Amino acid sequence: MNVRIVFLLAVLLPCSTASAKDEDGSWLASGRQWVRGLWQGEAEQWLDRINPALMAYDYKGTLVFVHGNSMESLLVEHRVQDGRESLRMQTLSGSPRELIKRNGRISSNASASGGSGVAFIAEQGTFSRFANAADNKWYSVSLGEKTRVAGRSAQALNLRAEDSLRYSYRLWLDEQTGLPLRVLTLDENGIILEQLAFTQILIKPSADTTEPLRPSKRKVFDSPFKEVEGFKLLATERAGKSTHYLYSDGLSSFSLYVEPSSAKEKGRMHQASINGLMVGDGNTRFVAMGKVPVATLQQALSAAVKQ
């Protein structure tokens with residue numbers, strides 16, 4: 001922790017109630033607010049280290065993914081080649097599976113449903129989505145404790161959702177490089193839904209000298225339905241008579257599937273951090289699914305059904 005901040009805390013926080021009342025508490029409140037601002041600024045600086053670290057370092061290690069009552073171990077190898085990230089994953093438990101992510105494209109010897117851990121890393125394995133969290137108004141960032149992960153010193157960061165429509169996160173970044181070493185996903189009540197953590201990792205500077213390629217900015221589309229607050233339509237895809245809509249707030253995301261159906265039906269699914277809702281009104285079936293609270297999916301379905 002910054003020495004200046006420690007000093008300020010020592011001076012400001014232990015003051016007696018009586019002295020605070022004498023000064024109407026205004027200077028104490030202002031002091032605390034200023035200290036919190038310094039803490040937030042330092043936390044944002046930690047987040048700013050993530051993307052440069054991902055392009056400056058190669059790493060290989062064992063990653064454990066815990067979700068619900070399941071636990072999976074994966075061998076993860078991250079490299080930078082020709083200014084781009086590549087990620088290779090192999091399961092160390094259960095049936096053998098391998099997945100490679102390069103240039104944003106995923107190839108695998110099994111379907112994503114064949115292993116939830118592999119699918120999870122395919123979605124979030126590069127950790128880039130956390131780098132811009134400091135500029136995301138739907139989350140607040142603050143410093144946590146310093147500890148050790150996989151034998152390395154790490155700084156914890158708290159990404160707290162500002163409402164009940166999205167999950168919160170806790171990250172542990174390697175103190176030396178800024179690489180994420182551990183991630184927790186927390187529901188709207190602060191309960192841990194899933195976590196991933198390196199149990200061992202070898203980090204070395206990347207040998208790639210190519211100038212990192214700038215990621216293309218994702219286009220935001222006009223949604224045919226009323227959007228859930230903070231979530232924008234990023235992609236659409238048609239498969240037969242079904243249309244898939246992908247919504248994101250920059251950190252969390254969910255999918256909405258719309259297809260013809262004569263059935264009147266309702267359904268609900270829950271697995272660890274993933275929620276799913278389905279409604280059929282006799283003409284159309286709507287399915288909303290993602291790593292977001294049920295309330296988010298309810299709003300999405302309500303808007304789609306009323307459209």
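We number each residue from 1, following the sequence as shown. Quantities reported herein were computed from a predicted structural model and do not represent experimental measurements.
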Next on the checklist: To the nearest 0.5 Å, what is the distance between CG on Leu159 and CZ on Arg166?
Outcome noted: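 Here the rounded value is 13.0 Å.
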Checklist entry - How many angstroms lie between atom CZ of Arg97 and atom CG of Leu74, to the nearest 0.5 angstrom? => result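 With rounding to 0.5 Å, CZ (Arg97) is 7.5 Å from CG (Leu74).
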[Y] versus [X], side-chain donor and acceptor atoms under 3.5 Å:
{"X": "Arg238", "Y": "Thr243", "result": "yes"}
{"X": "Arg285", "Y": "Ser261", "result": "yes"}
{"X": "Asp174", "Y": "Tyr57", "result": "no"}
{"X": "Ser273", "Y": "Glu194", "result": "yes"}
{"X": "Glu162", "Y": "Ser140", "result": "yes"}
{"X": "Tyr247", "Y": "Ser223", "result": "yes"}
{"X": "Ser255", "Y": "His244", "result": "yes"}

Checklist entry - Does Arg129 count as lying over the ring of Tyr169, i.e. NZ or CZ under 6.0 Å from the six-ring centre, within 45 degrees of the axis? => result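 Yes, a cation-pi geometry.
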How close do [X] and [Y] get, heavy atom to heavy atom, and via which atoms?
{"X": "Leu47", "Y": "Ala133", "value": "CD1-CB, 4.2 Å"}
{"X": "Val294", "Y": "Arg268", "value": "CG2-NH2, 3.3 Å"}
{"X": "Ser93", "Y": "Glu72", "value": "OG-CA, 3.7 Å"}
{"X": "Leu184", "Y": "Gln195", "value": "CD2-CB, 3.0 Å"}
{"X": "Ala304", "Y": "Leu256", "value": "CB-CD2, 4.1 Å"}
{"X": "Ser252", "Y": "Val292", "value": "CB-CG1, 4.1 Å"}

Next on the checklist: Check for me whether the distance between the ring centres of Tyr257 and Tyr245 falls short of 6.0 Å.
Outcome noted: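 Distance test on ring centres: not under 6.0 Å, no.
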Item to check | Residues Lys146, Glu175: salt bridge by 4.0 Å N-O rule | outcome: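 So Lys146 pairs with Glu175 through a salt bridge.
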Any side-chain heavy-atom pair from [X] and [Y] closer than 4.5 angstrom?
{"X": "Asn158", "Y": "Ser168", "result": "no"}
{"X": "Glu98", "Y": "Thr91", "result": "no"}
{"X": "Phe225", "Y": "Val258", "result": "yes"}
{"X": "Pro180", "Y": "Phe130", "result": "no"}
{"X": "Leu173", "Y": "Arg49", "result": "no"}

[X], [Y]: one ILVMFWY side-chain cluster at the under-4.5 Å cut-off?
{"X": "Leu233", "Y": "Phe254", "result": "yes"}
{"X": "Val141", "Y": "Trp46", "result": "yes"}
{"X": "Phe65", "Y": "Ile274", "result": "no"}
{"X": "Leu196", "Y": "Ile192", "result": "yes"}

Donor-acceptor pair, side chain of [X] and main chain of [Y], under 3.5 angstrom:
{"X": "Arg79", "Y": "Arg88", "result": "no"}
{"X": "Asp187", "Y": "Asn189", "result": "yes"}
{"X": "Ser164", "Y": "Glu188", "result": "no"}
{"X": "Asn136", "Y": "Trp138", "result": "yes"}
{"X": "Asn275", "Y": "Met289", "result": "no"}
{"X": "Asp58", "Y": "Val80", "result": "yes"}
{"X": "Asp281", "Y": "Asn283", "result": "yes"}

Next on the checklist: Assess the residue pair His78 and Lys60 against the criterion (side chain to side chain contact (heavy atoms under 4.5 Å, CB included)); give the C-alpha distance rounded to whole Å, side-chain angles, the decisive distance to 0.1 Å, and a yes or no.
Outcome noted: CA-CA 6 Å; His78 170 278; Lys60 183 176 182 179; over 6 Å; no
Next on the checklist: One pair to check against salt bridge (charged side-chain N to carboxylate O under 4.0 Å, His left out): Asp249 and Lys232. What are the steps and the verdict?
Outcome noted: CA-CA 6 Å; Asp249 67 358; Lys232 301 298 181 182; over 6 Å; no
Item to check | Intermediate values then yes/no, side chain to side chain contact (heavy atoms under 4.5 Å, CB included), Ser142 and Leu157 | outcome: CA-CA 6 Å; Ser142 62; Leu157 299 177; over 6 Å; no
Does [X], at its [atom1] atom, have more than 12 non-hydrogen atoms belonging to other residues, nucleotides or ligands within less than 6.0 Å?
{"X": "Asp222", "atom1": "CG", "value": "no"}
{"X": "Glu265", "atom1": "CD", "value": "yes"}
{"X": "Met71", "atom1": "CE", "value": "no"}

Checklist entry - side chain to side chain contact (heavy atoms under 4.5 Å, CB included) between Leu186 and Leu193: does it pass, once the steps are laid out? => result CA-CA 6 Å; Leu186 310 168; Leu193 293 174; over 6 Å; no
Checklist entry - Does the pair Leu251 and Tyr139 meet the rule for a side chain to side chain contact (heavy atoms under 4.5 Å, CB included), with working shown? => result CA-CA 9 Å; Leu251 196 56; Tyr139 301 86; 3.7 Å; yes
